[in-house]
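All figures in this text were calculated on a predicted structure; none of them were measured in a lab.
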Amino acid sequence: MQFFLSSLLLLPMLIICILESLLKLFIPKKKKSVTGEIVLITGAGHGIGRLTAYEFAKLKSKLVLWDINKHGVEETAAECRKLGAKAYAFVVDCSNREDIYSSAKKVKAEVGNVSILVNNAGVVYPADLFATQDPQIEKTFEVNVLAHFWTTKAFLPEMMKCNHGHIVTVASAAGHTVVPFLVTYCSSKFAAVGFHRALTVELAALERNGIKTSCLCPNFINTGFIKNPSTSLGPTLEPEEVVNKLMNGILTEQKMIFVPSSISFLTMVERIFPERFMTILKRKMNIRFDAIIGYKN
Ligand SMILES: NC(=O)c1ccc[n+]([C@@H]2O[C@H](COP(=O)([O-])OP(=O)(O)OC[C@H]3O[C@@H](n4cnc5c(N)ncnc54)[C@H](O)[C@@H]3O)[C@@H](O)[C@H]2O)c1
Ligand SMILES: *[C@@H]1O[C@H](CO)[C@@H](O)[C@H](O)[C@H]1NC(C)=O
């Protein structure tokens with residue numbers, strides 16, 4: 001009670017903050033320069049990771065590209081070099097902590113200190129809980145969230161020393177809102193969103209305001225990651241559109257990037273509207289994709 005009464009005194013401050021953020025909506029944000037920065041992208045052998053590498057290459061960053069797929073990551077590196085950037089490809093299994101730590105050592109010795117880290121590698125096994133194998137559940141958490149801990153622990157210390165850097169988390173709309181037959185994936189992406197948010201406040205508590213964080217939360221994207229996705233919310237996103245929003249978000253140091261931006265509205269509405277209404281609304285969204293259903297009555 002005491003807390004709420006004393007909080008009332010903050011009302012004028014609330015109004016000032018709301019006006020400030022409304023005003024900011026109309027002022028175009030300046031994009032920062034990433035020329036010469038060492039950018040590490042995991043899962044850079046295909047899809048979002050690959051296209052993000054191309055964008056940083058065009059901006060003359062130095063690229064460190066990680067993927068478990070040797071052919072894919074080497075192809076991405078070759079294309080980045082064609083775009084005029086230095087690029088180093090590494091075969092790394094992001095589900096393996098030791099592999100991450102030893103590869104990070106190699107990167108520091110052979111390339112230098114990473115100042116922009118993009119944790120993008122991800123896996124998904126669409127199925128009901130009964131049809132999801134235990135090793136698949138472990139793999140999902142290892143790649144989609146635990147890897148973020150190991151890469152961040154490996155590269156954040158140098159960023160802390162010079163109070164300069166950026167940690168990017170590629171999560172998902174499934175890190176905010178839930179769908180059946182993606183129980184494992186949703187929980188791992190909720191964890192990734194939690195990692196991003198808690199790390200953000202921890203960096204602030206440690207007064208490292210020069211280290212930025214961004215989190216990407218997109219709806220279905222046309223990369224083949226999830227097979228045959230569809231929803232009445234709109235067409236499946238093209239990877240170029242998502243990467244465009246991601247780059248804009250990173251360069252303007254946006255903390256949460258929803259694609260499409262209506263996802264942000266949906267997550268807000270979900271917390272306010274009655275459950276029964278949300279069930280009806282979700283049915284109308286008609287979210288579909290290929291999944292293994294192992295449960296039999
Ligand atoms: N495609 C979508 O519908 C969608 C929607 C929301 C979020 N996302 C997220 O975007 C990210 C990128 O997905 P995408 O659509 O580009 O998928 P993708 O399959 O095209 O690319 C993922 C890349 O990660 C690599 N990878 C997988 N396991 C790895 C491991 N253990 N170690 C290293 N690399 C590994 C793959 O080899 C591949 O090159 C993922 O984190 C995914 O969860 C995707
Ligand atoms: C990387 O960071 C370490 C620790 O801050 C520093 O000693 C070293 O000189 C840096 N290396 C380069 C190439 O900048």
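Nearest approach of Pro229 to Thr236, heavy atoms of both residues: O-OG1, 3.3 Å. Taking every heavy atom of both residues into account, Cys94 and Ala147 meet most closely at O-CB, 3.2 Å. Among all heavy-atom pairs drawn from Thr76 and Gly45, the shortest one is OG1-CA, 3.8 Å. Contact detail for Val145 and Ala192: the closest heavy-atom pair is CG2-N, 3.9 Å. The shortest non-hydrogen separation linking Cys80 to Ala87 is CB-CB, 3.8 Å. Here the shortest heavy-atom pairing between Met159 and Leu117 reads CE-CB, 4.2 Å.
Proximity of Phe56 to Ile116: side-chain heavy atoms (C-beta onward) are separated by under 4.5 Å at one or more points. Phe277 has its side chain out of reach of Lys282: every pair of non-hydrogen atoms, C-beta onward, lies at least 4.5 Å apart. Residues Thr169 and Ser214 are not in side-chain contact: their nearest non-hydrogen atoms beyond the backbone lie 4.5 Å or more apart. At least one side-chain heavy atom of Lys189 sits less than 4.5 Å from a side-chain heavy atom of Asn144. The shortest distance between side-chain heavy atoms of Phe220 and Phe289 falls below 4.5 Å. Looking at Ile263 and Val259, their side chains never come closer than 4.5 Å, going by heavy atoms from C-beta outward. Annotation: side chain of Leu203 is in contact with side chain of Thr213 (closest heavy-atom distance under 4.5 Å). Residues Pro218 and Leu216 have side chains in contact (heavy-atom distance under 4.5 Å, counting atoms from C-beta outward).
Panel note: side chain Thr42, backbone Asn120; a donor-acceptor pair is recorded below 3.5 Å. The main-chain N or O of Ile167 is never found under 3.5 Å from a side-chain atom of His196 such that the two would form a donor-acceptor pair. Side-chain atoms of Ser261 do not come within 3.5 Å of backbone N or O of Phe258 as any donor-acceptor pair. For Asp67 (side chain) and Val73 (main-chain N/O), no donor-acceptor pair under 3.5 Å exists by modelled atom type. Although no hydrogens or angles enter the test, the distance criterion places no donor-acceptor pair under 3.5 Å between the side chain of Ser172 and the main chain of Cys217. Between the side chain of Thr223 and the backbone N or O of Pro239 there is no donor-acceptor pair closer than 3.5 Å. Using a distance-only test at 3.5 Å, with no hydrogens or angles considered, no donor-acceptor pair links the side chain of Thr177 to the main chain of Ala173.
Remark: the Thr140 side chain and the Ser188 side chain contain no N/O donor-acceptor pair separated by less than 3.5 Å. Side-chain contact, Thr184 with Gln136: no donor N or O sits under 3.5 Å from an acceptor N or O. Checked by atom type, the side-chain pair Lys139/Ser95 shows a donor-acceptor distance below 3.5 Å. In this model, a donor atom of one side chain and an acceptor atom of the other lie less than 3.5 Å apart for His166 and Lys32. Inspection of the His164 and Glu37 side chains reveals an N or O donor paired with an N or O acceptor under 3.5 Å.
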Could you go step by step and tell me if Leu156 and Ile211 meet the side chain to side chain contact (heavy atoms under 4.5 Å, CB included) rule? CA-CA 9 Å; Leu156 187 56; Ile211 304 173; 4.0 Å; yes
Determine, step by step, whether Glu253 and Lys29 satisfy the salt bridge (charged side-chain N to carboxylate O under 4.0 Å, His left out) criterion, reporting the C-alpha distance in whole Å, the side-chain angles of both residues, the deciding distance to 0.1 Å, and the verdict. CA-CA 9 Å; Glu253 301 175 339; Lys29 284 178 216 117; over 6 Å; no
Worked check of side chain to side chain contact (heavy atoms under 4.5 Å, CB included) between Leu246 and Thr52: CA-CA 8 Å; Leu246 173 63; Thr52 304; 3.6 Å; yes
Begin from the C-alpha positions of Ile41 and Val39 and carry the test side chain to side chain contact (heavy atoms under 4.5 Å, CB included) through to its verdict. CA-CA 7 Å; Ile41 304 173; Val39 182; 4.0 Å; yes
I would like to know whether Val64 and Ile38 meet side chain to side chain contact (heavy atoms under 4.5 Å, CB included); could you show each step before the answer? CA-CA 7 Å; Val64 179; Ile38 300 182; 3.7 Å; yes
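Expressed to the nearest 0.5 Å, how far CZ of Phe195 lies from OG1 of Thr200 amounts to 9.0 Å. Note that CG of Asp99 is 8.5 Å distant from CD1 of Ile68, once rounded to the nearest 0.5 Å. Separation of atoms CG (Asn119) and CZ (Phe149) is listed at 10.5 Å; rounding is to 0.5 Å. The distance from atom CZ of Phe181 to atom OG1 of Thr132, rounded to the nearest 0.5 Å, is 10.5 Å. Remark: Asp128 CG to Ile292 CD1 distance equals 9.0 Å, nearest 0.5 Å. In this structure, CD1 on Ile48 lies 10.0 Å from CZ on Phe225, to the nearest 0.5 angstrom.
Ionic pairing of Glu202 and Arg208 is not present here: no N-O contact between side-chain nitrogen and carboxylate oxygen is shorter than 4.0 angstrom. Salt bridge annotation for Lys108-Glu158: present, with a cationic side-chain nitrogen under 4.0 angstrom from a carboxylate oxygen. Classification of Arg50 and Glu79 as a salt-bridged pair fails, no side-chain N sitting under 4.0 Å from a carboxylate O.
Phe190 and Met268 are not part of a single hydrophobic cluster, where members link through side-chain heavy atoms under 4.5 Å apart. Hydrophobic clustering (ILVMFWY, side-chain heavy atoms < 4.5 Å, transitive): Phe155 and Tyr88 are in one cluster. Both Met285 and Phe273 are part of a single hydrophobic cluster, where members link through side-chain heavy atoms under 4.5 Å apart. Transitive grouping of hydrophobic side chains (ILVMFWY, heavy atoms separated by less than 4.5 Å) brings Ile272 and Phe265 into a common cluster. Under the 4.5 Å side-chain contact rule for hydrophobic residues, Val114 and Leu65 do not share a cluster.
Around the NZ atom of Lys86, the shell of radius 6.0 Å holds no more than 12 heavy atoms that belong to other residues, nucleotides or ligands. More than 12 heavy atoms of other residues, nucleotides or ligands lie within 6.0 Å of OH in Tyr101, so this atom counts as buried by the packing criterion. Other residues, nucleotides and ligands contribute over 12 non-hydrogen atoms within 6.0 Å of the CZ atom of Arg81. Under a cut-off of 6.0 angstrom, the local environment of CG in Asn286 is crowded, with over 12 non-hydrogen atoms contributed by other residues, nucleotides or ligands.
Every side chain to side chain contact (heavy atoms under 4.5 Å, CB included) that Glu240 has, sequence neighbours left out, goes to Leu51, Glu238.
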